[in-house]
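Not measured: the values here are computed from a predicted model. Order of the sequence lines sets the chain letters (A, B, ...), proteins ahead of strands, with each chain counted from 1.
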Amino acid sequence: MNKKIKRIFSHSEIYLFFIIIIFSIILTSINPSFLTLENLFDLIKSSAGMGILAVGFLIVLLSGGIDVSFTAIAIAGQYISANVLMATGVDNIYLAFLISCSVGILLGAINGLLISVFKLPTLIVTLGTLSAFHGALLAFVGTKAINTAELPDCFKVFGHNNIFVLTRADGTSYGLSVYALILLGVVIMSWLILKYTMLGRGIYAIGGNRDSAVRAGFNIVGIQFFIYCYVGFLAGIMGVMHISLLRYSNPMYIVGTELGVIAAVVLGGARITGGTGSIIGTLLGVVMISILEKNLVLMGLSSYWHQLFVGLIIIIGVSITSYQNKRRGIRSLTFR
Amino acid sequence: MLGKYSKTIVLFTIMVGIIIIMSIFIPDKFLTVINFQSISSQIPEFGLLALAMMIAMMTGGIDLSVVSITNLTGVIAAVILTKLVSPQMGEGLITLIIILAILVAIISSLVCGLLNGVLIAYVGVPPILATLGTMGLFLGIAIVITEGHGITGFPDKFLFIGNGTIWIIPVPLIIFIVCALIVALVLNKTSLGLSIQMLGSNPVASWFAGISNNSILVKTYMITGLLAGISSVIMISRVNSMRPGYGYAYLLTAILVIVLGGVNPSGGFGTVTGVVVGVIILQLLQSGFNILAFSPFFKKFIWGFMLLLVMVINFFVAKYQQSSGKLKIHT
Amino acid sequence: MAKELLEVKNISKAYTGVQALDSVSISIKRGEIHCLVGENGSGKSTLIKIIAGVVKADEGEIIINGRFYQNLHAIDSIREGIQVIYQDLSLFPNLSVAENISLNQMVERKSKLISWKDVTNTARTELKNIREKLDLGEKIEDISMASRQIVAICRALTQGAKLIIMDEPTSALTKTEIDSLFSVILDLKRKGISTLFISHKISEVLEISEKVTILRDGKKVGEYSIDELDNDKLIFLMTGKKIAYSRFKYKEKEHHEKMLLEVRGLSKRGNFENVNFKLRSGEILGIVGLLGSGRTELALSLFGLNKADSGEIYIDGKQVKINSTQDAVKLRISYLPEDRLSQGLFIEQSISNNIIITILRKILNRLRLISNIKRENSINKWSKELEIKTPSLEAAAQSLSGGNQQRVVLARWLATNPKVFILDCPTIGIDIASKSNIHSIIRDLANAGMGIILISDEIPEALQNCNRILVMSKGRIVKKINDASSITEDELFNIVGKKELNKVG
């Protein structure tokens, strides 16, 4: 029993959990409306998209790679599906998802091809595809924003859907958005893949020791190809959720928000070198970053401080984990 | 020895090839004095960023915060130049303030580099993450200082740096050439430079060979910061304004020219000549694209595509070299 | 049922310009413990890769279990029960013991899903089979080298291994762990599983094998049963030379017993405790001990990489503090690292860069720039001095053989003109001819007045090349042998191998 407790505490996720609790307590004392059901529902709805992107990023990180092009894929999926729906006049949210996810998988496949077949360094490749995908979207599809009036109804309706509804004292209602369900679905699907399929264990194996994975007979090319397609698929889902949330589509959006997602995943305990990381940790990281982003104003900082803050959080967060790793690493320099 | 420079020779040929092609197809706009002046005015600030990134990559790392450093130092210099200067001041005082602004900009760029170096060397943060964080931090500070607005209206004398010429050669170009020569000298002929290359090749062996890894890394990122700072001074002087968020397109293109220029992203190998030729090639293409009126979005696509293309070509070249037996096999 | 499990006939393989294997034959019976012996470059690794189906032979036949294979693929080899455990063990550091044991066979079975119950049961069964105990949930990165070895063997067994090929399995094990490993191999034999063991450690070869195949320069020198061999004969067959063993003599009078290094009460928590010794000019002081004895940790504390918590260090009679490698180099202390490839060499850089990296200050001109003339002179001098054989000094270090590579690292430190030179297992993985060459270099250095500390895994090497020996165990010096000629190999073996030892101050 003691060993199990010891093992729980050896994971960095538990510390993040406590930090979030403490932070929430502080915020609630400043503004009591923080810890209400309504606020929580709102938090879930607005951060579900980030959560889905973060899960995708985590999976890439586990395999020892890095993908920064997911934002370009998300906006491409979003913008293309909205334009197609508008052009064809079809007003169906399922079609929107289908188009967006197909675009996502296609773009992800390009990443997968470059990385698994040509074995190119993942950071630089995805920096290249980030630029190429976004540039292509703006140059070939268009740059015109789609405002609420022009947007097909299915998006607006979808964004409003709730799983269940509660009423406030004055008779108005609020509810837990379907976004929670989608996020839950993505989380469960990803968790099942990672924990219960050979594909998933293969991802951990490649991230742990690529050569050993090759020798063990894992299909490296196939697994890596899948990973990047999967990220594209998730980005496609997020794209539709995003447009429905904002009821607006501007092809310049989403790109540029990579930092927050990466911060969330790394804060959640995933190692940049690969092989280590958990979905729970990633979700906790997303919660942390979301709470911070939304409540900067509450803490007395104007929105100008946002960028600075996120950067600072990343630095502090990774410094702590890196320093711990370093102490462990110094010992292993001398021993074998 | 030729092996080290064979890549540069290929690049040089490509560069000449591009000039020839452009001269044939769009001679009226390309082969003009104005065009070449425009090219040579953009090369310095971008080239300095590329050199800055190159030094970091030589150690096997990367510095994603270079553009943020230029933003921050540019903002600081801009604030000094506008807040401390009033129209009634005498020539001498203005010149002093200009010098002060430049000095403060340089010092703050060194401080930024120092922070990067300390995080990477002493705390042990992987360069990607450290510079990702500082990228946000430095830009964030710049935004807070300016509250998102731009700053314009610098003293005329200051504008000489970005726009003036010394005997027909633009001042920025002179600065760039001097910096490039110094960087090449440091990399190839000083103990620091050789240590940087060896550290990039194998950081563990570097410890055991008596090299002080930490101090070399800190110096590396400080040099990177310094070059970024010099670039920002030229930049704000050329356009007579500074707005946070400017120049982020340079990040990708800087990596592009470095990879094009033959620098190995995992560290240890690369030449200044290669990077400089890469910068020139890029600016030639950029001017060609401008003449052909490509939209900035199309250019964004092209740069990304080119980076991927260069890397795929490198892959095939390396494969060819291996199969033709240039690499030894151990039994 | 064929008598031979594996029959390899007249295998040849050439790479550009190099004949790696020349008509080599080897045969292994069921349940046989067979050793493959040879120097670096003799073709051992190539032969293994061909048997594993990873590399294709140019000529020759491979017959496994009576089945003839024209074109052996890795998957065929695995299906026939041939399992290779490479030197790095090919484990996943981020996954658990149970997973590491069970994963490979699940990949082989092309399973799509994982049953964690299966994973645990499989692992538990295999561990029981070889009578070992391990915590199934622990991650590989957290367990010892010996335990990892066990995991690798279990993994091989889960795939129905009939022949387990081990590539230098004992290089990272203590004596007790080696004994454990050998008993596991004997267990395997009892089950009818054959073992092919690659080693260059003669004492181990003589201890465990039943049959020995010797390769030299890609050719098979012969196959012998163990009763036909002894130490000298084996070395002669491996090298084609008789290596004369002379003992190193400390020329006391010549060096006036000048005290170069003295260590008093040096301690570091978890590494070593209360270490006291002296080193005089002209001496070669040996430090032997099992893995975990603290030898390397002690050496690194003298080199500035593992600062001690307490104690004093005296160089030339003056107390010094060694807080960094720069301090050590300034004091003219040099250290040759244990792992030549990842700690010693910059493998892709030129040989010349590898040599001058420690003497950068010496080759600067007045402008603090590297002087080409001084650089050339230094490189030529030291490569000649250490007889580094290479067509060009600007070629990458990876183009050199193991012995030459070690000479490059030696050259780099000799160029700093050290007073005290610590050599950590300098002849590991080096062919016997180069070994004795390096030994004579070390002796010459000592005779010229340098103080040398020789950390060694091989008792014979220590006895022949040192005049004094320290035996360490669990961080303490447990025995000081003041005259190496006064003790025999067997006696020293016993001292080093004992579990419980009395402390000697």
Do [X] and [Y] make a side-chain contact, defined as non-hydrogen atoms from C-beta onward lying under 4.5 Å apart?
| X | Y | result |
| --- | --- | --- |
| A/D67 | A/T122 | no |
| B/T224 | B/N116 | no |
| A/I314 | A/V266 | no |
| A/F70 | A/V60 | no |
| B/T152 | B/R243 | no |

Just verifying a value: how many Å separate [X] [atom1] and [Y] [atom2], rounded to the nearest 0.5 Å?
| X | Y | atom1 | atom2 | answer |
| --- | --- | --- | --- | --- |
| A/I223 | A/Y204 | CD1 | OH | 13.5 Å |
| A/I20 | A/M288 | CD1 | CE | 6.0 Å |
| A/L62 | A/T276 | CG | OG1 | 8.0 Å |
| B/F138 | B/L115 | CZ | CG | 4.5 Å |

Flag the one option from [options] with the top tally of heavy-atom pairs under 4.5 Å to chain A.
| options | value |
| --- | --- |
| B/Y122, B/F297, B/F316 | B/F297 |
| B/V144, B/I143, B/I255 | B/V144 |
| B/L307, B/V123, B/L119 | B/V123 |

Which bit of [X] comes within less than 4.5 Å of chain A, counting heavy atoms only: side chain, backbone, both or neither?
| X | result |
| --- | --- |
| B/L251 | neither |
| B/F298 | both |
| B/I302 | neither |
| B/M306 | neither |
| B/L252 | side chain |

Heavy-atom proximity to chain B below 4.5 Å, by part of [X]:
| X | value |
| --- | --- |
| A/T273 | neither |
| A/I66 | side chain |
| A/V68 | neither |
| A/I262 | side chain |
| A/L123 | side chain |
| A/L120 | side chain |

At a heavy-atom distance under 4.5 Å, which candidate from A/G311, A/S322, A/P121 has the highest pair count against chain B?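 Of A/G311, A/S322, A/P121, A/S322 has the most heavy-atom pairs under 4.5 Å with chain B.
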Most heavy-atom pairs under 4.5 angstrom with chain B, which of A/L259, A/L127, A/L137?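 Most heavy-atom pairs under 4.5 Å with chain B: A/L259.
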For A/F118, does the CZ atom have more than 12 heavy-atom neighbours from other residues, nucleotides or ligands under 6.0 Å away?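 Count over threshold, so yes.
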